[in-house]
Amino acid sequence: MSKRIFLAGASGVIGRRLSPQLRAAGHHVTGMTRSAQSAGMLEGLGADAVVGNVFDTEGLTAAIKAARPEIVIHQLTDLALLGDPARYAEASARKARIREVGTRNLVRSSLVAGIGRMIAQSIAWVYAPGPTPRREDDPLDRDAPPPRSTTVNVVIALEEAVLRTPGLRGTVLRYGQLY
């Protein structure tokens with residue numbers, strides 16, 4: 001069963017691997033990226049590329065409407081600064097903004113565009129203490145001390161936006177150490 005999919009974060013570590021897999025499964029993929037250079041790479045993978053910014057809600061809504069997807073897949077993240085320990089605080093702030101504000105914008109734009117289904121990435125290393133292996137419905141560590149609490153709180157905001165927004169059927173996948 002072929003679906004039209006809008007893949008936000010299509011040129012990222014996961015997105016660039018997911019795009020060809022979705023295409024191979026027969027789906028039509030519109031991949032959003034922040035750069036024109038990455039757009040060419042996405043087209044080479046068989047996706048329709050759109051250059052956009054999750055913080056530009058008007059442009060984001062227009063891009064989703066133009067793609068006419070049945071499902072929005074959220075693979076947004078910001079890993080560009082992770083290799084530089086001197087910029088750890090900046091990298092953390094950028095990731096937090098994408099998870100919290102970016103997710104909220106993607107949810108809102110999807111609903112305005114009439115899309116009621118979203119699959120979103122989350123992270124698996126913020127679970128509350130407990131036995132392993134973990135399940136995706138196990139609780140997150142809401143009692144974490146700073147600075148871990150900041151990460152946990154933005155992950156909770158991401159998951160709640162996707163799972164609890166009226167009119168949106170959301171699925172959250174908690175990823176582990178993939179790369």
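The hydrophobic clustering, which links ILVMFWY residues whose side-chain heavy atoms are closer than 4.5 Å, places V154 and I156 apart. Taking hydrophobic clusters as Ile, Leu, Val, Met, Phe, Trp and Tyr residues chained together by side-chain heavy-atom distances below 4.5 Å, I115 shares a cluster with L168. In this structure, V101 is a member of the same hydrophobic cluster as L111, with clusters built from ILVMFWY side-chain heavy atoms closer than 4.5 Å. Cluster membership check: V162 does not share its hydrophobic cluster with I123, using side-chain heavy-atom separations under 4.5 Å among Ile, Leu, Val, Met, Phe, Trp and Tyr.
Using modelled atom types, one side-chain atom of R4 and one backbone atom of A67 make a donor-acceptor pair closer than 3.5 Å. A donor-acceptor pair under 3.5 Å is formed between the side chain of N105 and the backbone N or O of V54. Of the possible polar contacts, none joining the R23 side chain to the S19 backbone as a donor-acceptor pair under 3.5 Å is found.
Donor-acceptor pairing under 3.5 Å is lacking for the side chains of S2 and H28. A donor atom on one side chain and an acceptor atom on the other are not found under 3.5 Å apart for Y127 and E136.
Atom NZ of K65 is separated from atom CG of L60 by 11.5 Å, given to the nearest 0.5 angstrom. Note that the OG1 atom of T171 and the CD1 atom of I73 stand 10.0 Å from one another [nearest 0.5 Å]. Interatomic distance, H27 NE2 to L7 CG, rounded to the nearest 0.5 Å: 12.0 Å. The line from CE of M118 to CD1 of I71 is 11.0 Å long, rounded to the nearest 0.5 Å. Interatomic distance, M41 CE to L45 CG, rounded to the nearest 0.5 Å: 6.0 Å.
Q75 and L18 get closest at one heavy-atom pair: CG-CD2, 4.2 Å. Closest approach of T77 and R34 over heavy atoms only: O-NH2, 3.7 Å. Scanning both residues, V152 and A144, for their nearest heavy atoms gives CG2-CB, 4.1 Å. Smallest separation of non-hydrogen atoms from S109 and T61: OG-OG1, 2.7 Å. Among all heavy-atom pairs drawn from D138 and R134, the shortest one is OD2-NE, 3.2 Å. In this structure, L42 and A10 approach most closely via the heavy-atom pair CD2-O, 3.3 Å.
Counting heavy atoms from C-beta outward, D48 and E43 have side chains that stay 4.5 Å or more apart. Annotation: side chain of Y175 is in contact with side chain of I14 (closest heavy-atom distance under 4.5 Å). Counting only heavy atoms from C-beta outward, the side chains of T103 and L76 never approach each other to under 4.5 Å. You'll find the side chain of I64 reaches within 4.5 Å of the side chain of P69, heavy atoms only. Contact of the R99 side chain with the V155 side chain is registered, since non-hydrogen atoms from C-beta on lie closer than 4.5 Å. Within the 4.5 Å cutoff, the side chain of F55 has heavy atoms near those of the R97 side chain.
With a 6.0 Å radius and a threshold of 12 heavy atoms from other residues, nucleotides or ligands, Y88 has its OH atom at or below the threshold.
Sorted by first and then second residue, the pairs that involve residues 151-163 and meet side chain to side chain donor-acceptor pair (under 3.5 Å), not counting sequence neighbours, are S122-E159, R142-E160, E159-R174.
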